[in-house]
Amino acid sequence: SKGTTLPRKELIFLLSFFALMMILNWNLFLLYLLPCYFGGHFFAMWENYCEHHYANPYDRKRDSVSCYSTLYNVVWFNNGYHQEHHFSPQVHWTEIPKVRAALPEDRVIVKGCHLTNSF
């Protein structure tokens with residue numbers, strides 16, 4: 001089916017790209033490309049885990065975690081308003097802080113950034 005063709009093509013392209021990079025410069029591939037690729041995936045999955053850790057998956061108003069650090073939200077385009085995003089995904093990132101008023105105060109909120117939710 002068409003739905004399985006695209007991921008298969010992407011995997012073939014990615015493996016072909018990795019093979020070409022390894023042939024052209026195996027040092028760059030092993031010491032830069034692979035660590036950055038897998039490190040990026042590791043940190044993205046860790047962030048995703050922390051955005052939902054301790055949250056209640058059965059309550060639409062408490063199914064993820066928010067953090068309101070000004071620095072974090074300026075640098076990451078209001079990514080800290082994660083529960084607000086889950087509750088109103090259609091709202092533009094610049095307007096998402098306004099959704100906070102519609103959510104209960106007893107939900108999970110972490111200080112700093114989402115990664116601090118793993119400790």
Side-chain angles (χ1 to χ4, degrees):
S1 77
K2 188 174 183 176
T4 59
T5 306
L6 186 60
R8 193 174 301 139
K9 286 179 181 177
E10 287 180 25
L11 180 62
I12 291 169
F13 177 80
L14 182 64
L15 293 176
S16 299
F17 174 75
F18 279 176
L20 179 64
M21 291 294 103
M22 196 153 157
I23 290 167
L24 292 176
N25 189 338
W26 66 269
N27 279 330
L28 184 67
F29 175 77
L30 289 177
L31 301 174
Y32 178 74
L33 187 68
L34 274 185
C36 289
Y37 180 79
F38 287 109
H41 279 283
F42 171 79
F43 282 109
M45 287 187 281
W46 184 17
E47 175 87 6
N48 191 301
Y49 173 80
C50 293
E51 288 173 340
H52 303 92
H53 190 51
Y54 295 121
N56 180 352
Y58 305 107
D59 184 348
R60 189 157 181 268
K61 292 186 175 186
R62 292 176 177 89
D63 62 357
S64 68
V65 176
S66 289
C67 55
Y68 301 120
S69 164
T70 303
L71 178 62
Y72 179 73
N73 284 302
V74 166
V75 171
W76 293 110
F77 304 98
N78 285 336
N79 187 56
Y81 292 88
H82 197 68
Q83 179 58 61
E84 291 78 358
H85 162 70
H86 273 245
F87 186 65
S88 299
Q90 73 281 3
V91 176
H92 192 267
W93 70 269
T94 58
E95 301 293 321
I96 202 71
K98 295 176 184 174
V99 178
R100 184 177 180 182
L103 298 172
E105 290 298 318
D106 65 343
R107 59 197 165 75
V108 180
I109 298 172
V110 296
K111 295 186 186 293
C113 68
H114 285 114
L115 296 181
T116 60
N117 194 24
S118 61
F119 304 114

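For reference, positions follow the sequence shown, starting with 1. All of these numbers come straight from a predicted model, not from anything done at the bench.
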Side-chain heavy atoms nearer than 4.5 Å, only ILVMFWY residues, links allowed to pass through others: does that put L14 and L34 together? yes
Should F38 and L33 be regarded as members of a common hydrophobic cluster, given that ILVMFWY residues are connected when their side-chain heavy atoms come within less than 4.5 Å of each other, either directly or indirectly? yes
Is the count of non-hydrogen atoms from other residues, nucleotides or ligands lying under 6.0 Å from M22 atom CE greater than 12? no
Under 3.5 Å donor-acceptor, N25 side chain and L28 backbone: yes
Could you grab the distance from atom CG of L30 to atom CG of N27, nearest 0.5 Å is fine? 7.0 Å
side-chain contact (heavy atoms from CB on, under 4.5 Å) evaluation trace for Y81 with V99: CA-CA 9 Å; Y81 292 88; V99 178; over 6 Å; no
Atom pair CZ (F87) and NZ (K61), whose distance is rounded to the nearest 0.5 Å: 4.5 Å
Hydrophobic clustering (ILVMFWY, side-chain heavy atoms < 4.5 Å, transitive) - are W26 and Y32 grouped together? no
Looking only at side-chain N and O atoms, does N78 offer a donor or acceptor that is under 3.5 Å from a partner on E84? no
Given 3.5 Å as the limit, does a donor-acceptor pair link the side chain of Q83 with the main chain of S64, or not? yes
Pair H114 and Y49, ring centroids less than 6.0 Å apart: no
When rounded to the nearest 0.5 Å, the distance separating CD of E51 from OG of S66 is 9.5 Å
Which value, rounded to the nearest 0.5 Å, describes the distance between F29 atom CZ and I23 atom CD1? 10.5 Å
Using only atom types and a distance under 3.5 Å, with no angle test, would you say the side chain of D63 pairs donor to acceptor with the backbone of N56? no
How long is the span from the CZ atom in F77 to the OH atom in Y72, to the nearest 0.5 Å? 12.0 Å
Would a line drawn from the ring center of H41 to the ring center of Y37 be shorter than 6.0 Å? yes
Geometric cation-pi criterion R100 and Y68, 6.0 Å radius, 45° cone: yes
Between N73 and S69, is there a donor-acceptor pair closer than 3.5 Å when you use the side chain of the first and the backbone of the second? yes
Please test F17 against M21 for side-chain contact (heavy atoms from CB on, under 4.5 Å), starting from the C-alpha separation and ending with a verdict. CA-CA 6 Å; F17 174 75; M21 291 294 103; 3.7 Å; yes
Distance, nearest 0.5 Å, that separates CD1 of I109 from SG of C67: 9.5 Å
Sidechain-backbone polar pair: T116 side chain, K111 backbone, donor-acceptor under 3.5 Å: yes
List the steps and the verdict of ring pair (Phe, Tyr, Trp, His ring centres under 6.0 Å) for H86 and H52. CA-CA 11 Å; H86 273 245; H52 303 92; 5.0 Å; yes
Would you find a donor on one side and an acceptor on the other, under 3.5 Å apart, between the side chain of N117 and the backbone of V110? no
Could you pull out the closest heavy-atom pair between S118 and C50, with the gap in Å? CB-SG, 3.5 Å
Show your working on side-chain contact (heavy atoms from CB on, under 4.5 Å) between L103 and R62 and close with a plain yes or no. CA-CA 8 Å; L103 298 172; R62 292 176 177 89; over 6 Å; no
Hphob cluster co-occupancy, M45 + F43, side-chain heavy atoms under 4.5 angstrom: no
